[in-house]
Amino acid sequence: MKFPPKLKKGDTILLASPSSPLSPEQPVEQIAANVEALGFQVKIGRSCRCSTPSGYAAAPAAVRAADLNEGFADPHISAIWCTRGGSTAWQLLPLLDYGRIAAHPKPFIGFSDVTTLHTAIGQRCGFVTFHGPTANGTFQWQDDPFSWESLQAALEMGVCLEIQNPPGEEMKALRPGKACGRLTGGNLSLIAAGMGTPWQINAKDCVLYLEDVGEGVYSLDKMLRQLQYGGILDAAAGLVFGAFTNCTNAYRADYGPEDLLQDFFSNWPKPVLYNLRSAHCTPMVTLPLGTCCAIDGCAGTVSCHC
């Protein structure tokens, strides 16, 4: 996997909204000002200023896809930063010009619904993308320096990057062993939704990262079974789970996501880690998807290598 050219202060970042629209409390002009305050120039994509009758898509799919296709091809754009997640990024998959994108690798940043795009771009275009905070997260960075520092560390990584949780957050080892493979994954529900489609994740010999938000524990169980029955979990070299924010059990409050994972993987023959804080949590770790990732299920460590 190619590592995209590193982002430098003064470079131009395209803000794009490939999923849901921004809230009135987070106007794109203020997001642009926040990104400029970090030392970059900003171009605002058309998708950030459109609307749709549905209300849950930021812009028509053709407009959102054009922002990405044109943003990757534009030599004056050095990175593409998704403004937020939400839903509907899956509508863009058949509209993306993968050959054009592959010819112009550059940092592509986001999480949650952006998982769909990370998977498609990573597998079809062959370069590293960044499972990191969306640009609307800049509103809280005055009180959260860790998230920006983690994103910077990933964008600027050298030969090796040790993945570190925020202070006070333990990376838990659920199953022992060591594994190494290409880092892939993201949001569990979106990975599960891709099963049986042309954009299904390929986790063979990979370190598979999974997280989610707002799902019932029984739904997490169902989606993990789907990945298991589809051969995705067995194909992976090792598993790393993130935070499962607001994922509760309406039937038994004291049996949560960690208990589910403990039981589900009680006899798993490969290393399994839990609580890597990348996604629906603050502060947030950025993961360079597509890099070679080494995990230690005894020590509870994760490192990425170019």
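- Note that SG of Cys206 and CD1 of Ile201 are 7.5 Å apart. Values are rounded to the nearest 0.5 Å.
- Two residues are said to be in side-chain contact when any heavy atoms from C-beta on lie closer than 4.5 Å; His280 and Ser112 meet this criterion.
- Through direct or indirect side-chain contacts shorter than 4.5 Å among Ile, Leu, Val, Met, Phe, Trp and Tyr, Phe111 is connected to Met284.
- Atom CD1 in Ile191 sits 6.0 Å away from atom OG1 in Thr184 (nearest 0.5 Å).
- Salt bridge annotation for Lys9-Asp11: absent, with no cationic side-chain nitrogen under 4.0 angstrom from a carboxylate oxygen.
- With contacts defined as side-chain heavy-atom distances shorter than 4.5 Å, the pair Val272/Val240 does not qualify.
- You'll find the side chain of Pro107 stays beyond 4.5 Å of the side chain of Ile80, heavy atoms only.
- Under the 4.5 Å side-chain contact rule for hydrophobic residues, Leu287 and Trp148 share a cluster.
- For the residue pair Pro21 and Gly55, the shortest heavy atom distance occurs at CG-O, 3.4 Å.
- Taking 4.5 Å as the limit, some side-chain heavy atom of Phe40 sits within range of a side-chain heavy atom of Leu7.
- Within the 4.5 Å cutoff, no side-chain heavy atoms of Glu36 are placed close to those of Gln41.
- Closest approach of His305 and Thr291 over heavy atoms only: O-CB, 3.6 Å.
- Between His118 and His131, the angle of the ring planes lies from 30° to 60°, which puts this pair in the tilted group.
- Remark: Glu169 engages Asn275 in a side chain to side chain donor-acceptor pair (under 3.5 Å) (not counting sequence neighbours).
- There is a side-chain donor-acceptor pair under 3.5 Å between Gln26 and Asn136.
- Listed by first then second residue, pairs satisfying side-chain hydrogen bond (donor to acceptor under 3.5 Å, both in side chains) with a partner in residues 228-242 read Arg225-Gln228, not counting sequence neighbours.
- Judged by distance alone, the side chains of Thr88 and Ser19 never bring a donor and an acceptor atom under 3.5 Å apart.
- In this structure the side chain of Val285 reaches within 4.5 angstrom of the side chain of Ile163, judged on heavy atoms.
- Here the straight-line distance linking atom CG of Leu161 with atom OG of Ser150 works out to 7.5 Å at 0.5 Å rounding.
- Contact of the Val302 side chain with the Met171 side chain is registered, since non-hydrogen atoms from C-beta on lie closer than 4.5 Å.
- Atom CD1 of residue Ile232 and atom CG of residue Leu224 lie 12.5 Å apart, to the nearest 0.5 angstrom.
- To the nearest 0.5 Å, atom OG of residue Ser47 and atom CG of residue Leu14 are 7.0 Å apart.
- The side-chain tip of Arg124 points at the ring of Tyr98 from less than 6.0 angstrom away and within 45° of straight on.
- Contact detail for Leu95 and Ala65: the closest heavy-atom pair is CB-CB, 3.6 Å.
- Here Phe264 contributes atom CZ and Phe241 contributes atom CZ; the two are 7.5 Å apart, rounded to the nearest 0.5 Å.
- Using a 4.5 Å cut-off on side-chain heavy atoms (C-beta onward), Leu210 and Leu227 make contact.
- Taking the six-membered ring wherever Trp is involved, the centroid distance between the rings of Phe130 and Phe3 falls below 6.0 Å.
- Ionic pairing of Arg49 and Glu29 is present here: one or more N-O contacts between side-chain nitrogen and carboxylate oxygen are shorter than 4.0 angstrom.
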Candidate pair Lys106 and Phe72, rule side-chain contact (heavy atoms from CB on, under 4.5 Å), full reasoning: CA-CA 7 Å; Lys106 56 190 64 175; Phe72 275 105; 3.5 Å; yes

